[in-house]
Amino acid sequence: MKPFFIMIKCHLGETYKVANAIADAEIASEIYSTSGDYDLLVKVYIEDGEDIGHFVNEKLHCLEGIRDTRTIITFKAF
């Protein structure tokens, strides 16, 4: 399994709706609310060989209330 993180910027007033939609879709292992430029930080695991771009596009970008995302690809946990 390969982990990566997605920072999500939501439309005003939509953060909890987006977080609940991600939780209901069961596509993330962890979902955090954050302060600053982004509203949510989501940790996702995908199978080795699965395409991160397709995953984000097909599983996340289709959810209502998301304004912008930034994907952080990870290499090694310490």
Side-chain angles (χ1 to χ4, degrees):
M1 297 290 280
K2 179 172 37 176
F4 66 98
F5 294 85
I6 306 164
M7 296 167 44
I8 300 173
K9 195 177 294 185
C10 301
H11 291 289
L12 290 176
E14 300 286 311
T15 301
Y16 287 100
K17 178 181 168 185
V18 171
N20 287 329
I22 294 168
D24 290 346
E26 298 181 355
I27 58 174
S29 66
E30 300 169 44
I31 306 166
Y32 297 96
S33 61
T34 61
S35 62
D37 293 334
Y38 289 85
D39 302 304
L40 297 171
L41 176 65
V42 178
K43 185 176 184 180
V44 177
Y45 287 92
I46 59 173
E47 296 292 333
D48 291 332
E50 189 173 351
D51 187 277
I52 291 173
H54 282 273
F55 179 91
V56 171
N57 187 53
E58 294 169 7
K59 305 284 187 184
L60 196 67
H61 285 172
C62 61
L63 300 176
E64 286 188 42
I66 294 177
R67 195 172 96 201
D68 190 24
T69 63
R70 171 175 275 176
T71 302
I72 302 168
I73 299 170
T74 56
F75 300 105
K76 180 179 179 178
F78 295 93

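Residue numbers run from 1 in the order of the sequence given. The figures that follow rest on heavy atoms only: side chains count, while hydrogens, waters and symmetry mates do not.
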query = What residues, two or more places apart in sequence or in another chain, satisfy side chain to side chain donor-acceptor pair (under 3.5 Å) together with Tyr45?
reply = Lys43
request  = Return the set of residues passing side-chain contact (heavy atoms from CB on, under 4.5 Å) with Thr74 (not counting sequence neighbours), or none when no residue passes.
outcome  = Pro3, Phe5
task = Group every Ile, Leu, Val, Met, Phe, Trp and Tyr by side-chain heavy-atom contacts under 4.5 Å, then state whether Met7 and Val56 land in the same group.
result = no
task = Any chance you could lay out the side-chain contact (heavy atoms from CB on, under 4.5 Å) test for Leu60 and Phe55, step after step, and finish with the verdict?
result = CA-CA 7 Å; Leu60 196 67; Phe55 179 91; 5.8 Å; no
key: By side chain to side chain donor-acceptor pair (under 3.5 Å) - contacts of Glu50 (at least two apart)   = none
query = By the rule that ILVMFWY residues connect when side-chain heavy atoms come within less than 4.5 angstrom, directly or transitively, which residues belong alongside Tyr16?
reply = none
From CD1 (Ile6) to CG (Leu41), nearest 0.5 Å = 9.5 Å
message = In this structure, would Val44 and Ile52 fall into the same cluster of hydrophobic residues linked by side-chain contacts under 4.5 Å?
response = yes
ask   = Got a sec: does the CG of Asp37 have more than 12 other heavy atoms crowding it under 6.0 Å?
value = no
message = To check you understand the geometry: which heavy-atom pair defines the closest contact between Ala23 and Ile31, and what is its length?
response = N-CD1, 3.7 Å
Pairs satisfying side-chain hydrogen bond (donor to acceptor under 3.5 Å, both in side chains), at least one member in residues 52-64, at least two apart = His54-Glu58, His61-Thr69
request  = Would you mind reporting whether Ile22 and Ile8 have side-chain heavy atoms less than 4.5 Å apart?
outcome  = yes
query = Listed by chain and number, what are the salt bridge (Lys or Arg N to Asp or Glu O under 4.0 Å) partners of Glu14, not counting sequence neighbours?
reply = Lys17
key: Pairwise side-chain contact, Phe4 with Lys2, heavy-atom cut-off 4.5 Å (strictly under)   = no
task = Give the cluster check for Tyr38 versus Leu40: same hydrophobic cluster or not, with ILVMFWY residues linked at side-chain heavy-atom distances below 4.5 Å.
result = no
inquiry  = Suppose we screen for side-chain contact (heavy atoms from CB on, under 4.5 Å). Which residues come up paired with Ala21, at least two apart in sequence or across chains?
reply    = Leu63
request  = Side-chain contact test, heavy atoms from C-beta onward, threshold under 4.5 Å: evaluate it for Asn20 versus Val18 and give yes or no.
outcome  = no
ask   = Which residue pairs satisfy the salt bridge (Lys or Arg N to Asp or Glu O under 4.0 Å) criterion with at least one member in residues 66-78, sequence neighbours excluded?
value = none
inquiry  = Can a donor-acceptor pair be found, under 3.5 Å and without considering hydrogens, that links the side chain of Asp39 to the backbone of Lys9?
reply    = no
task = Could you tell me which residues satisfy side chain to side chain donor-acceptor pair (under 3.5 Å) with Ser29, sequence neighbours excluded, listed by chain and number?
result = none
